[in-house]
Peer 1: 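First the structure, which I've put down as structure tokens, then a few questions once you've had a look.
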Amino acid sequence: MSDDNKHILMETGTFIHSAIQEDLKGRLNALHTRFPPEPGGFLHIGNAKAVYINFELAKIYGGTYNLRMDDTNPAIEKAEFVQAIQDDIRWLGYDLDGRLFFASNYFDKLYECAVTLIKKGLAFVCDLTAEEMRASFGGIDKAGTDSPYRNRSIEENLDLFTRMKNGEFPDGAKTLRAKLDMASPNMNMRDPVMYRITRQTHSNTGDKWCIYPMYDFAHPLQDAIEGITHSLCSIEFEEHRPIYEWYISHLDFPIKPRQIEFAKMSISNTIMGKRHIRALIAEGKYDGWDDPRLVTLSGMRRRGYLPASIREFLGNTGVSKALSRVDFGMLEYFVREHLAPVSKVVMAVLNPLKVIIENYPEGEVEMLTLPFHGDNEALGCREVPFSREIYIEREDFMETPGKKFFRLAPGKEVRLKGAYYVTCTGIVKDTAGNIVEVRCTYDPETKSGSGVELRKVKGTLHWVSAKHAVPIKAMLYDMAVLDAPDAPDGIIDNPDSLIVMPNALGEPCLADATMDDRFQFMRNGYFCLDNKHEGLVFNRTVSLKSSYKKS
RNA sequence: UGGGCUGUCGCCAAGCGGUAAGGCACAGGACUUUGACUCCUGCACUCGAAGGUUCAAAUCCUUCCAGCUCAGCCA
């Protein structure tokens, strides 16, 4: 992370900073944070924000951070996600050596804590069925009613809980509940379930357990066990803070973690809901969780985003408690900013239109040596062949142009990047009236780099030599969804979120592209090789900004 | 409608009683062998609303309005 970026995180989220600074002055001498994903899916940029806040804050205050797999529900969690989450976080730029933990490793301790609470008379075994319990919870504006099992003796609770653990009761037959207040206006405080019986094979503990702890009980204790000082989480857990503190306060831990909440971040024109994404993948609209239109970390990686861009974006969007929906354009700004200095600028024609340079000798080929980057000399140069037949971008030619069009048109002169000035002398159409070929003449005096500039031309076009060009396929991505005030969700899927250009042509050096290369296809945007396809399939990471207005 | 939280420019976001930072977007202009980059310039007499306290309020008080959120043996 750059110093600038660190500065920004220091300037925002002041409610967190002041809490940390206050604690560091008093009860604590080091900051310890954690990111606790449930390994039940892929991480997206919203999750990355939580990673960023927890990990960067630890770094800023010279503390440390943990990655903890919150695997307390074996019905959902899968080993493949455990790996994917680590891979994504490492790719984002965080060292995980010695920092990976599993909630399931604390199951014994958690069990002991539960026993302690029973012994203190603060927890009881409840025989209510799920339906009965739901009914007894009351409602949002109606108090709940006490469970008839609430006043069992400590001995009976101890015995029953032991037998729950030993598998003497069927799934769902009993629960262990905390004894709080069924009339609390905070629903989380209405005698919450601590343990449920569910026979599931756990990816870590196998069949050792048939009872599993609930989040509200497990989470504060996991934090306390790991010595977490500040448990930074998203705002929907704000109302869980009382229960978080309640469990901690009745157990004996050297460090009492403090939970602080911040607002979740979402981004415009994209989807982050797991069920929505899952449905679209099932429909075949998306190519999996790493579809480049998705803001999953794997999708953004595949699309070509650099991790530094994501980190800087995350830092610049700040930390607050107000719900935010950041403009997608802001993400793209940081993507471009990091790509610009490291990308090799090359020429590729996405939608080719043939141009014949009539006065250029047939069979002749000139090799032009062009730098890969205007400012970054470290990127070196490559050879670009120029010949009589070339291709230009179809939209760079217009038969009857408007006044502001300064590309190629009948009688107009433009510069071919790195080569010569050419003037359009005619066009060839097929029987349907489509332009299939443009005829030009070139001016040998105007060769690029010769130093002579006889006259100014406004347009500079990219091009490829017809005989030497390599066929490539270009995948053009755009916003996943569009705002649609009349639609049920206020959004509709963008029908043009992926446009495939199957007949694109690139200059010869593209044949040697590797996965590590970043390119700017001149005037077309930033591209990289797709990691899922063989051959020269390029993903457009992000377009170039443009002030060109048609018509 | 009970509880909790939030409301500062189109979008993020500083500000914490002394007279509205910054970034993105947008709009002009300069430069340009990418209509890119870069560089200038502009962009909230006003802080959800209304009252009040004060010499002074986005900041304090009161009321109101709007949005989000909570009734899994999910996390």
Side-chain angles (χ1 to χ4, degrees), chain A residues 8 11-14 18 36-38 40 70-73 75-77 103 126 128-131 133-135 137-144 171-177 184-190 192-198 211-212 214-216 218-219 233 235-242 261 263-265 267-268 313 316-334 336-337 340-341 345 347 370 374-375 404-407 414-419 421 446 448-449 453 457-462 520-525 543-549:
Chain A
I8 285 162
E11 283 193 340
T12 186
T14 47
S18 36
E38 175 180 37
D70 203 356
D71 54 353
T72 56
N73 184 356
I76 292 174
E77 295 123 19
C126 182
L128 252 27
T129 64
E131 299 71 51
M133 197 185 295
R134 187 151 41 241
F137 272 132
I140 229 159
D141 48 8
K142 191 167 136 260
D171 285 8
K174 287 179 171 21
T175 55
L176 180 71
R177 293 224 258 162
S184 171
N186 182 345
M187 299 298 289
N188 301 301
M189 299 297 270
R190 321 248 264 223
V193 173
M194 294 164 63
Y195 270 94
R196 75 280 209 178
I197 304 171
T198 174
I211 58 170
Y212 290 93
M214 298 287 288
Y215 170 86
D216 274 332
H219 202 81
C233 62
I235 209 157
E236 75 262 33
F237 292 105
E238 196 153 35
E239 265 207 289
H240 294 246
R241 195 166 65 224
E261 310 83 12
K264 275 188 167 178
M265 181 193 66
I267 298 184
S268 73
F313 167 74
N316 277 278
T317 45
V319 184
S320 74
K321 296 188 78 164
L323 48 90
S324 69
R325 188 164 181 265
V326 183
D327 197 302
F328 199 86
M330 186 149 162
L331 210 206
E332 294 196 313
Y333 171 83
F334 290 107
R336 290 191 190 97
E337 185 172 79
V345 181
M347 296 190 284
L370 302 179
D375 302 315
K404 300 270 274 292
F405 186 85
F406 45 86
R407 280 113 98 143
V414 297
R415 181 200 302 273
L416 294 176
K417 173 73 184 181
Y421 286 13
T446 59
S448 177
E453 177 141 309
V457 288
K458 202 88 156 82
T460 299
L461 308 188
H462 59 281
Q520 185 204 120
F521 289 178
M522 190 179 301
R523 305 205 298 139
N524 273 320
S543 63
L544 253 26
K545 282 188 59 166
S546 171
S547 59
Y548 172 58
K549 291 168 198 67

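Chain identifiers are assigned alphabetically (A, B, ...) following the order of the sequence lines, protein sequences preceding nucleic acid strands; residue numbering begins at 1 within each chain.
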Peer 1: Rounded off to whole Å, could you give me the CZ-to-P distance for the A:R241 and B:U69 pair?
Peer 2: 19 Å
Peer 1: Using the P atom as the reference point in each nucleotide, state the distance between B:G15 and B:U19 in Å, no decimals.
Peer 2: 15 Å
Peer 1: Are side-chain heavy atoms of A:F328 and A:I267 found at a separation under 4.5 Å?
Peer 2: yes
Peer 1: Send over the distance from A:M265 CE to B:C11 P, rounded to a whole Å.
Peer 2: 17 Å
Peer 1: Determine, step by step, whether A:R523 and A:L461 satisfy the side-chain contact (heavy atoms from CB on, under 4.5 Å) criterion, reporting the C-alpha distance in whole Å, the side-chain angles of both residues, the deciding distance to 0.1 Å, and the verdict.
Peer 2: CA-CA 9 Å; A:R523 305 205 298 139; A:L461 308 188; 3.5 Å; yes
Peer 1: Sort out the partner of B:C68 for me: Watson-Crick or G-U wobble, both distances under 3.5 Å, none otherwise.
Peer 2: B:G4
Peer 1: Nearest 0.5 Å please: distance from the NZ atom of A:K417 over to the CE atom of A:M522.
Peer 2: 4.5 Å
Peer 1: Tell me: CG of A:D327 to C1' of B:C24, nearest whole Å?
Peer 2: 7 Å
Peer 1: Measure the spacing between OG1 of A:T129 and NZ of A:K174 and express it to the nearest 0.5 Å.
Peer 2: 12.0 Å
Peer 1: Expressed as a whole number of Å, how far does the P atom of B:U8 sit from that of B:C60?
Peer 2: 15 Å
Peer 1: Taking the same atom, P, in B:A50 and in B:A58, what whole-Å distance lies between them?
Peer 2: 12 Å
Peer 1: Out of A:E337, A:M265, A:E332, which one pairs with A:F313 under the side chain to side chain contact (heavy atoms under 4.5 Å, CB included) rule?
Peer 2: A:M265
Peer 1: If we call it a pair only when both distances are under 3.5 Å in a Watson-Crick or G-U wobble match, what pairs with B:U32?
Peer 2: none
Peer 1: Name the orientation of the base relative to the sugar in B:G72: syn if the glycosidic angle is within 90° of 0, else anti.
Peer 2: syn
Peer 1: Work out how far the P atom of B:A20 is from that of B:A27, and round it to whole angstrom.
Peer 2: 28 Å
Peer 1: Take the protein atom CG of A:L331 and the nucleotide atom C1' of B:G23, then report the distance between them rounded to whole Å.
Peer 2: 14 Å
Peer 1: Given side-chain contact (heavy atoms from CB on, under 4.5 Å), test A:E238 with A:C233 step by step and report yes or no.
Peer 2: CA-CA 9 Å; A:E238 196 153 35; A:C233 62; over 6 Å; no
Peer 1: Using a heavy-atom cut-off of under 4.0 Å over every strand shown, decide if A:G525 touches base, sugar-phosphate, or nothing.
Peer 2: nothing
Peer 1: Within a reach of under 6.0 Å around NZ of A:K321, are more than 12 heavy atoms found that belong to other residues, nucleotides or ligands?
Peer 2: yes
Peer 1: Please say whether the positively charged group of A:R407, taken as NZ for Lys or CZ for Arg, lies over the ring of A:Y548, i.e. under 6.0 angstrom from the six-membered ring centre and within 45 degrees of the axis.
Peer 2: yes
Peer 1: From C-beta outward on A:K321, which listed nucleotide comes closest to its side chain: B:C24, B:A13, B:U6?
Peer 2: B:U6
Peer 1: Expressed as a whole number of angstroms, how long is the span from A:R325:CZ to B:C24:C1'?
Peer 2: 15 Å
Peer 1: I want to verify the glycosidic state of B:C45; is it syn or anti under the 90° rule?
Peer 2: syn
Peer 1: Using atom P in both nucleotides, what's the gap between B:U41 and B:C16 to the nearest angstrom?
Peer 2: 27 Å
Peer 1: If I pick the C1' atom on B:C11 and the same atom on B:C43, what distance separates them, to the nearest angstrom?
Peer 2: 14 Å
Peer 1: Round to the nearest Å and state the distance from A:I8 atom CD1 to B:A21 atom P.
Peer 2: 18 Å
Peer 1: Donor-acceptor check, side chain of A:N188 to backbone of A:E239, threshold 3.5 angstrom: yes or no?
Peer 2: yes
Peer 1: Roughly, in whole Å, what's the span from CD in A:E332 to C1' in B:C11?
Peer 2: 14 Å
Peer 1: Between B:C24 and B:A56, how many Å separate the two P atoms, rounded to a whole number?
Peer 2: 38 Å
Peer 1: On a whole-Å scale, what distance lies between the P atoms belonging to B:G10 and B:A44?
Peer 2: 10 Å
Peer 1: Just verifying a value: how many Å separate A:L416 CG and A:M347 CE, rounded to the nearest 0.5 Å?
Peer 2: 8.5 Å
Peer 1: Mapping A:A322 and A:Y333 onto RNA chain B by nearest heavy atom, which one lands closer to the 5' end?
Peer 2: A:A322
Peer 1: Under the 3.5 angstrom rule, does the side chain of A:R190 hit a backbone N or O of A:S184 as a donor-acceptor pair?
Peer 2: yes
Peer 1: Taking a pair as Watson-Crick or G-U wobble with both distances under 3.5 Å, which nucleotide is matched to B:U53?
Peer 2: none
Peer 1: Please round to the nearest 0.5 Å and tell me the distance separating atom CZ of A:R196 and atom CG of A:D171.
Peer 2: 11.0 Å
Peer 1: Please encode protein proximity along nucleotides 30-37 of chain B as a string of B, S and -, counting only heavy-atom distances under 4.0 Å.
Peer 2: ---BBBSS
Peer 1: Is the phosphate of B:G15, meaning OP1 or OP2, less than 4.0 Å from a side-chain N or O of A:T14?
Peer 2: yes
Peer 1: Spell out protein contact along nucleotides 70-75 of chain B as letters: B when the base is contacted, S when just the sugar-phosphate is, - when no protein heavy atom is under 4.0 Å; keep the 5' to 3' order.
Peer 2: BBSBSB
Peer 1: CD of A:E238 versus P of B:U69: gap in Å, rounded?
Peer 2: 14 Å
Peer 1: Is there a Watson-Crick or G-U wobble partner for B:C74 with both distances under 3.5 Å, and which nucleotide is it?
Peer 2: none
Peer 1: Go through B:G67, B:A14, B:G2 for me and flag the one nearest to the A:T12 side chain.
Peer 2: B:A14
Peer 1: Can you tell me the Watson-Crick or wobble partner of B:U46, both distances under 3.5 angstrom?
Peer 2: none
Peer 1: Considering every strand shown, what is the Watson-Crick or G-U wobble mate of B:C11 when both distances are under 3.5 Å?
Peer 2: B:G23
